[in-house]
Amino acid sequence: MEKVKLLKDVAIALDHVIKKRGRGWCQNLPVVSNTAKNNHDLKILVYFIKSNEKGYETLQKATYVGYEADRTT
């Protein structure tokens with residue numbers, strides 16, 4: 001599988017969240033959503049999920065398959 005291309009700010013936020021919380025960060029979305037109020041990186045990821053029809057699936061795939069920042073952003 002190919003790595004997922006993410007916007008630069010989303011890729012950076014995902015990197016920080018994975019380093020802090022591990023790959024299981026997305027297993028409890030309601031907790032992530034509540035925690036996002038006080039966490040800038042999670043806020044970016046929750047916004048990405050809410051603003052993209054397949055945002056949650058995209059971030060899950062990126063978490064497990066790999067990701068890279070889109071160079072055009």
Side-chain angles (χ1 to χ4, degrees):
M1 281 191 153
E2 260 183 56
K3 288 184 177 182
V4 177
K5 291 190 181 184
L6 298 173
L7 297 172
K8 186 177 180 180
D9 61 335
V10 175
I12 291 169
L14 183 58
D15 188 48
H16 291 163
V17 170
I18 290 172
K19 284 180 181 172
K20 184 172 183 178
R21 298 175 180 269
R23 289 185 174 184
W25 73 268
C26 58
Q27 297 207 357
N28 193 343
L29 195 55
V31 170
V32 169
S33 208
N34 286 335
T35 307
K37 296 173 187 172
N38 299 318
N39 183 303
H40 178 71
D41 294 319
L42 286 176
K43 192 178 293 186
I44 290 171
L45 298 183
V46 168
Y47 178 78
F48 180 81
I49 291 168
K50 289 181 177 182
S51 64
N52 294 287
E53 185 177 321
K54 299 226 179 226
Y56 184 67
E57 292 86 0
T58 300
L59 289 178
Q60 284 183 316
K61 182 178 176 185
T63 298
Y64 290 99
V65 174
Y67 55 93
E68 58 187 29
D70 187 357
R71 291 188 177 109
T72 61
T73 57

- Do Tyr64 and Gln60 meet the criterion of a side-chain donor-acceptor pair at a distance under 3.5 Å? no
- Might you work through the side-chain contact (heavy atoms from CB on, under 4.5 Å) test for Val17 and Thr63, ending with a clear yes or no? CA-CA 10 Å; Val17 170; Thr63 298; over 6 Å; no
- Nearest-0.5 Å distance, CD1 of residue Ile18 to CG of residue Leu59: 9.0 Å
- Query: CZ of Phe48 to CG of Leu14: how many Å apart, nearest 0.5 Å?
  - Reply: 9.5 Å
- Would you please name every residue forming a side chain to side chain donor-acceptor pair (under 3.5 Å) with Asp41, sequence neighbours left out? His16
- Between the CG atom in Asn34 and the CG atom in Asn39, the distance rounded to the nearest 0.5 Å is 12.5 Å
- Please determine which of Arg21, Lys20, Lys37 meets the side chain to side chain contact (heavy atoms under 4.5 Å, CB included) test together with Leu42. Arg21
- Note on the structure: Heavy-atom closest pair (Asp9 atom, Ile44 atom, distance to 0.1 Å) is O-CG2, 4.0 Å
- Rounded to the nearest 0.5 Å, the SG atom of Cys26 sits from the NZ atom of Lys61 at a distance of 14.5 Å
- Query: What heavy-atom pair brings Lys8 and Ala69 nearest, and what distance separates the two atoms?
  - Reply: CA-CB, 4.0 Å
- Query: Rounded to the nearest 0.5 Å, how far apart are CD of Glu53 and OG1 of Thr58?
  - Reply: 10.0 Å
- Greater than 12 external heavy atoms within 6.0 Å of Tyr47's OH: no
- Spacing of Lys50 atom NZ and Leu45 atom CG [to the nearest 0.5 Å]: 12.5 Å
